Amino acid sequence: MPELPEVEVVRAGLARHVVGRAIAAVEVLHPRPVRREPGGPAGFVAALVGRTVTDARRRGKYLWLPLDSGDAILGHLGMSGQMLVQPVGAADERHLRVRFSLVEPALSVVEPALSLLEPAPSVVEPAPSVVELVETTPLELRFVDQRMFGGLSVSVGGAELPAEIAHIARDPLDPQFDDAAFVRRVRRRSSAIKRQLLDQTLVSGVGNIYADEALWRARLHGERPGDRLTGAQVTELLGHCREVMLEALGQGGTSFDALYVNVNGQSGYFDRSLNAYGQEGRPCARCGTAIRRISFMNRSSYFCATCQRPPRNRSVPH
DNA sequence: ATCGCGACCTGGTTGC
DNA sequence: TGCAACCAGGTCGCGA
């Protein structure tokens, strides 16, 4: 499930392979992923054809591609979304929903070396062989999404920050994230701490998996009310959110070098490094107690009942 | 205003 | 064997 680290890997891939290219054609193969588009599939296509992608940005789990028109393509991967960069002619994926045909911008055709002299600031300079492939092969950006919880839309004037996601908080890896304000807000609410971690208006990018992992590291049960936690506890928990997502990002980093931008590989993090999520019945890495699974917020929550004591003053069935 | 829940989706797995 | 129920869960919208 794409959470912040996986979405960031996708963003970096788009920054490398898509930014600077022009959109020659758009094909919407299923209407649902563009359901948020006021103009429907036709409006979506019309707003994009002929535009050039100027950047690849992210806030929380949302991605957007600013365009030379001042608009942006706003996207969310949902549960199963992928952004794939494929050569023209590659077989269609089973759940291909939207296809963008990308052409080289005129500048690169005339002066192919320019992009080498001016790499995007936040992107590691790609290996020469990759650059050659990218700049000589016609590409497609493909939105593939089996379950279609994800979506794409055109955000009018949204190049800097789409108005549609103005309510989404900064994420913990954003240098401008306000730790003190987060701690203050959490401690003002009686809502369960896990619910607050998943509230994208408080902190973005954290999903069910990294919430469980951060709570395990902090030795906190997800049903503990926020207003019953100390400032030190919330601060430590926030640090664990950062830590666990940075570790996952590090393990997903290998796909930065691939032309094939994939989020479904789950960054390799899932196979080895999870201490709580999905570990029902396995011994806790700290104390050996079997990890338990409970239903919370109509989701699964995994925790160690020894290290993460459930709150006492609540009528929680067990 | 805040809070919490159901709906939206598909396909793999489980249960009868 | 066949079919129904269940499960995965991010986000939105609605009702309390």
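Keep in mind that this is a model prediction, so the values were computed, not measured. A, B, ... follow the sequence lines: proteins, then strands. Residue 1 opens every chain.
- The CG atom of A:L63 sits 15 Å away from the C1' atom of C:dT11 (whole-angstrom rounding).
- For A:H76 and C:dT11, the shortest distance from a side-chain N or O to OP1 or OP2 is below 4.0 Å.
- A salt bridge does not link A:D179 to A:R184: none of the charged side-chain nitrogens sits closer than 4.0 Å to a carboxylate oxygen.
- One atom, CG of A:D171, and another, P of C:dG10, lie 15 Å apart when rounded to the nearest Å.
- When distances run from any side-chain atom of A:Y62 to the nucleotides B:dC3, C:dT11, C:dG10, the shortest one goes to C:dT11.
- Across A:L67, A:I73, A:D71, a single residue satisfies side-chain contact (heavy atoms from CB on, under 4.5 Å) together with A:R51, and that is A:L67.
- Counting any heavy atom pair closer than 4.0 Å across all strands shown, A:M79 reaches a base atom.
- Residue A:E164 contributes atom CD, which lies 14 Å from atom C1' of C:dT11 at whole-angstrom precision.
- Note: CD (A:Q200) to P (C:dC12) measures 9 Å, nearest angstrom.
- Put simply, CG on A:N298 is 13 Å from P on C:dG10, counting in whole angstrom units.
- Comparing the end axes of the helix from B:dT2-C:dA16 to B:dC16-C:dG2, each fitted to five base pairs by superposing C1' atoms of four pairs onto the next four, gives an inter-axis angle of 60° (nearest 10 degrees).
- Computed from coordinates, the A:L77 CG to B:dT10 P distance equals 18 Å when rounded to whole Å.
- Across all strands shown, A:R293 has heavy atoms under 4.0 Å from sugar-phosphate atoms exclusively, and none from any base.
- Note that CH2 of A:W216 and SG of A:C284 are 5.0 Å apart. Values are rounded to the nearest 0.5 Å.
- The CD atom of A:Q200 lies 5.5 Å from the CD1 atom of A:I168; values are rounded to the nearest 0.5 Å.
- Phosphate contact (OP1/OP2 of B:dT10, side-chain N/O of A:S80, threshold under 4.0 Å): absent.
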Might you list the N or O atoms of the protein lying below 3.5 Å from N or O atoms in nucleotides 3-6 of chain C, with each pair's distance?
none

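- Between A:K61 atom NZ and C:dT11 atom P there is a gap of 4 Å when expressed in whole angstrom units.
- A:Y62 does not carry A:R11 over the face of its six-membered ring by the limits of under 6.0 Å from the centre and within 45° of the normal.
- In the hydrophobic clustering of ILVMFWY residues, with side-chain heavy atoms under 4.5 Å counting as a link, A:L139 and A:L152 come out together.
- With 3.5 Å as the limit, one finds a donor-acceptor pair spanning the side chains of A:Q86 and A:E93.
- Residue A:D199 is the one, among A:R299 and A:D199, whose nearest nucleotide of DNA chain B lies closer to the 5' end (criterion: closest heavy atom).
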Identify all pairs in which a protein N or O lies below 3.5 Å from an N or O of nucleotides 11-15 of chain B, and state each distance.
residue: B:dG11; atom: OP1; partner: A:H95; partner atom: NE2; Å: 3.4
residue: B:dG11; atom: O4'; partner: A:Q146; partner atom: OE1; Å: 3.3

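- If you check every strand for non-hydrogen atoms under 4.0 Å, A:H167 touches sugar and phosphate atoms only.
- Side-chain contact, A:K194 with A:S301: a donor N or O sits under 3.5 Å from an acceptor N or O.
- A side-chain donor from one of A:S80 and A:D145 sits under 3.5 Å from a side-chain acceptor of the other.
- A:R36 comes within 4.0 angstrom of the backbone, heavy atoms only, and of no base.
- Put simply, CZ on A:R32 is 11 Å from C1' on C:dT11, counting in whole angstrom units.
- Contact between the side-chain N/O atoms of A:S300 and the OP1/OP2 oxygens of C:dA8 is found at a separation under 4.0 Å.
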